[in-house]
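Inspection log for the structure reproduced underneath, given as structure tokens.
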Amino acid sequence: MTTTEHKNTAVNNMEPLFAKDYNVYINHTDAGGIVYHANHLVFFENCRRDWFTKLGLNGYFLQTDDGDIQHFVVSQADLQYKRAILLDEVISVRIDKVELKPASIIFYQSIHRSTSDNSATDKTISQILSSTKIVIACVQNLVKPEPMTNDNTNHVQADTAPMRPIRVPKELRDAIEQAISEQTNERL
């Protein structure tokens, strides 16, 4: 077992920071009733968004006092597909661990299926379907709309970057740190 596999196994055996069940509909699947690979990312994204909402944050679009817009973009996604997700299943999508960096947030997430073990104890077993490490970077938009001119052209200078990396906003950082702290205290 590699270090990465061991770390992922250890993370997945812990209580998740956040978990939510989602129904798998026909629009998530291919013609064979198997969830299209890109839709794993959609489920992971929905879970992160729902967690931010639970924390009382609009974590994707934040406005500064100056009116500037800050938001997050995915800068890295490392997915491991383990088992097929099927039409009409209810899956549990989880945030297993979060690491805060100065200008980004690293999410370790997983998707699980609950099944019965069919023994005398009839325990429910969680089967991992996919896992991911997703890095979202905090950025600020630099392009502002220009007023319309008579020649009907709106130009953005070619050498101007549309956004720049910035620090994770304090309100969001504090909310995530509190959620992580609460999870740690529950384990003790």
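Basis for what follows: all heavy atoms, side chains included, without hydrogens, waters or symmetry-related copies.
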Which value, rounded to the nearest 0.5 Å, describes the distance between D30 atom CG and H37 atom NE2? 10.5 Å
May I ask you to check if K97 and Y108 form a cation-pi contact, with NZ or CZ under 6.0 angstrom from the six-membered ring centre and within 45° of the axis? yes
Could you tell me the separation between the CD1 atom of I95 and the CZ atom of R48, rounded to the nearest 0.5 Å? 7.5 Å
With side chains defined as the heavy atoms from C-beta onward, is the minimum distance between F107 and V135 less than 4.5 Å? no
Quick one, I134 with L41, criterion side chain to side chain contact (heavy atoms under 4.5 Å, CB included). Give me CA distance, side-chain angles, the key distance, then yes/no. CA-CA 9 Å; I134 294 180; L41 287 170; 4.1 Å; yes
Side-chain heavy atoms nearer than 4.5 Å, only ILVMFWY residues, links allowed to pass through others: does that put V42 and V74 together? no
Does a side-chain heavy-atom distance below 4.5 Å link I180 with V98? yes
Atom CG in L100, atom CD1 in I106: separation rounded to 0.5 Å? 9.0 Å
Could you check whether any side-chain heavy atom of C138 comes within less than 4.5 Å of a side-chain heavy atom of P169, counting everything from C-beta outward? yes
Can you check whether Y22 reaches I111 side chain to side chain, under 4.5 Å on heavy atoms? no
D21 vs I91 side-chain heavy atoms within contact, under 4.5 Å: no
One thing to verify: whether R173 and E171 come together as a salt bridge, which I'm taking to mean a side-chain N less than 4.0 angstrom from a carboxylate O. no
Does the plane of the ring in F43 sit parallel, tilted or perpendicular to the ring in H28? Use 30° and 60° as the thresholds. tilted
Against V139, only a single residue in H71, Q70, R164 fulfils side-chain contact (heavy atoms from CB on, under 4.5 Å); can you say which? H71
Should I166 and I105 be regarded as members of a common hydrophobic cluster, given that ILVMFWY residues are connected when their side-chain heavy atoms come within less than 4.5 Å of each other, either directly or indirectly? no
With side chain to side chain contact (heavy atoms under 4.5 Å, CB included) as the criterion, how do S75 and I136 come out once you've worked through the C-alpha distance, each side chain's angles and the decisive distance to 0.1 Å? CA-CA 6 Å; S75 64; I136 60 172; over 6 Å; no
For Y81, give me all partners under ring pair (Phe, Tyr, Trp, His ring centres under 6.0 Å), at least two apart in sequence or on another chain. H40
What is the distance from atom OG of S104 to atom CD of Q76, rounded to the nearest 0.5 Å? 9.5 Å
Does D174 reach the main-chain N or O of E177 with its side chain, forming a donor-acceptor pair under 3.5 Å? no
Give a yes-or-no answer on whether the side chains of N27 and Y36 include a donor-acceptor pair shorter than 3.5 Å. no
Pairwise side-chain contact, R94 with Q109, heavy-atom cut-off 4.5 Å (strictly under): no
Would you tell me whether S110 and H112 have side-chain atoms, one donor and one acceptor, within less than 3.5 Å of each other? yes
Using a 4.5 Å cut-off on heavy atoms from C-beta on, say whether the side chain of L55 contacts that of Q178. no
Criterion side-chain contact (heavy atoms from CB on, under 4.5 Å) against I34, the qualifying member of L86, L87, T29: L86
Worked verdict on N39 versus F44 for side chain to side chain contact (heavy atoms under 4.5 Å, CB included): CA-CA 9 Å; N39 281 332; F44 289 131; over 6 Å; no
Examine distances only and state if a side-chain atom of R113 and a backbone atom of V90 form a donor-acceptor pair shorter than 3.5 Å. no
Checking T132 side chain against D78 main chain: does a donor-acceptor pair fall under 3.5 Å? yes
Give the intermediate values and the outcome of side chain to side chain contact (heavy atoms under 4.5 Å, CB included) for residues L17 and W51. CA-CA 9 Å; L17 210 65; W51 186 54; 3.4 Å; yes
